[in-house]
Amino acid sequence: MFLLVFVEWGISIYQKRDSYDKRDFFAAATIGLTNVVISALIKALTFAIILFFYNLVPWSVPHTWWSYILCFFAIDFCRYWAHRVSHEQRFWWATHVTHHNSEKYNFSVSFRLGWVQHIKLIFFLPAVMVGFDPFVFFICHQIAVLYQFWIHTEYITKLPRPIEWFFVTPSHHRVHHGKDEGYIDKNYGSTFIIWDRMFGTFTPETIRPTYGITKNVGSYNPITLNFHEFRDIFKDLKKARNVKQVFQVLFAPPGKGPFDQVQLQEAVEEIKARPNLTPTNHMTTQVMKSED
């Protein structure tokens, strides 16, 4: 993977494309390598959890060649929903935002996986309880993770139509990383784009995306890149006055919590207070986008 990163980086330098930033790359590499260490340290615990839930059900899927195919589809279906929830609920977004807070789009972005992302294992327990052998599960899951690497590039444009219709391609995933209007919260698929087509979250690539999150972090510190959203959640939790507000802070969509609208209104009032300036609907919309 690192070899392909450096090949892509070299090509971008030769073509004078602004695909890489040294600080962004080193941040991604640090995040990725730390995540490898974390994964290794908790591998036994992860396997124990999988084995526990596998043993809860009185049935099992035979360990045959076709069980790998079924398991892969089951895992990918779970990955779709885990990914979608990670964009639609703020707590889970905090575990995933690390993957999106780069303003670049290249192979190294695939390294940017949150250090606390492993708690999303709970989304995959339904696939385990179907009865797939734990070794089949881990092999299929690892293949699904490796698939994510090659779709993080701008050097692969559109592929033949049958591939684009069924599989997640770089074109589909570029849309997912875009913060442009119409691109946000689209194309959640991991290996198969069919889930997005089925559940109404698919959007084709029409313009080159603007990458990153709507409110950029402005830091290359790996710790900040991993935990800035948790920090902001903690600040909002201190403002909460009841259980409902606590729940909204944690599980409302990002930018739609109980205090986000207060901040929006304050920004609109600030615009109104400026001399000879009346806020238009367009200006209010831009404020809302910046707050989101």
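Remark: K104 engages D18 in a side chain to side chain donor-acceptor pair (under 3.5 Å) (not counting sequence neighbours). For R231, the side chain to side chain contact (heavy atoms under 4.5 Å, CB included) criterion is met by H228, K235, not counting sequence neighbours. Residues satisfying the side chain to side chain contact (heavy atoms under 4.5 Å, CB included) criterion with I163, sequence neighbours excluded, are L159, P160, F167, T169. When the side chain to side chain contact (heavy atoms under 4.5 Å, CB included) test is applied to F77, the partners found at least two apart in sequence or on another chain are W81, W195, F199. With sequence neighbours excluded, the residues forming a salt bridge (charged side-chain N to carboxylate O under 4.0 Å, His left out) with E154 are R17, R208, listed by chain and number. Partners of Q15 according to the side chain to side chain donor-acceptor pair (under 3.5 Å) rule, which considers only residues two or more places apart in sequence or in another chain, are Y155.
Ring geometry for H173 versus H83: interplanar angle of 30 to 60°, hence tilted. Ring geometry for F227 versus W115: interplanar angle over 60°, hence perpendicular rather than tilted (30 to 60°). Ring pair H99/H177 is perpendicular by interplanar angle, where above 60° counts as perpendicular and below 30° as parallel. In this structure, H63 and Y68 have tilted ring planes: the angle between them lies in the 30° to 60° band. Under the 30°/60° scheme for interplanar angles, the aromatic rings of F247 and F251 are found to be tilted. Using cut-offs of 30° and 60° on the angle between ring planes, the pair H87 and W93 is tilted. Note: Y105 and H152 have tilted aromatic rings, judged against thresholds of 30 and 60 degrees for the angle between ring planes.
The backbone N or O of E164 lies less than 3.5 Å from a partner atom in the side chain of H172, making a donor-acceptor pair. Distance alone, capped at 3.5 Å, places no donor-acceptor pair between the Y80 side chain and the I194 backbone. Of the possible polar contacts, one joining the Q148 side chain to the S190 backbone as a donor-acceptor pair under 3.5 Å is found. Under a 3.5 Å cut-off, the side chain of E8 and the backbone N or O of F107 do form a donor-acceptor pair.
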Using atom types as modelled, flag every donor-acceptor pair under 3.5 Å from a side chain in residues 45-60 to any protein atom, sequence neighbours excluded.
from : atom 1 : to   : atom 2 : distance (Å)
T46  : OG1    : I42  : O      : 2.9
N55  : ND2    : L51  : O      : 3.1
W59  : NE1    : M129 : O      : 3.2
W59  : NE1    : V130 : O      : 3.0

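The shortest non-hydrogen separation linking S108 to A28 is O-CB, 3.5 Å. For the pair D236 and F259, the tightest heavy-atom approach, listed with the atom from each and the gap, is O-CE1, 3.3 Å. Closest of all the heavy-atom pairs between P204 and Y183 is O-CE1, 3.9 Å.
Screening residues 22-33 for side-chain hydrogen bond (donor to acceptor under 3.5 Å, both in side chains), with sequence neighbours left out, gives D24-S102, D24-R112. Legend: salt bridge (charged side-chain N to carboxylate O under 4.0 Å, His left out) pairs involving residues 46-68, not counting sequence neighbours: none detected. Within the structure, every pair that satisfies the salt bridge (charged side-chain N to carboxylate O under 4.0 Å, His left out) test and touches residues 191-207, not counting sequence neighbours, is listed here: R174-E205. Residue pairs meeting the salt bridge (charged side-chain N to carboxylate O under 4.0 Å, His left out) criterion with at least one partner in residues 62-84, sequence neighbours excluded, are R84-E88. The list of salt bridge (charged side-chain N to carboxylate O under 4.0 Å, His left out) pairs with a residue in residues 115-144, not counting sequence neighbours, is empty.
Under the 6.0 Å cut-off for aromatic ring centres, F25 and F111 do not qualify, their centroids lying 6.0 Å or more apart.
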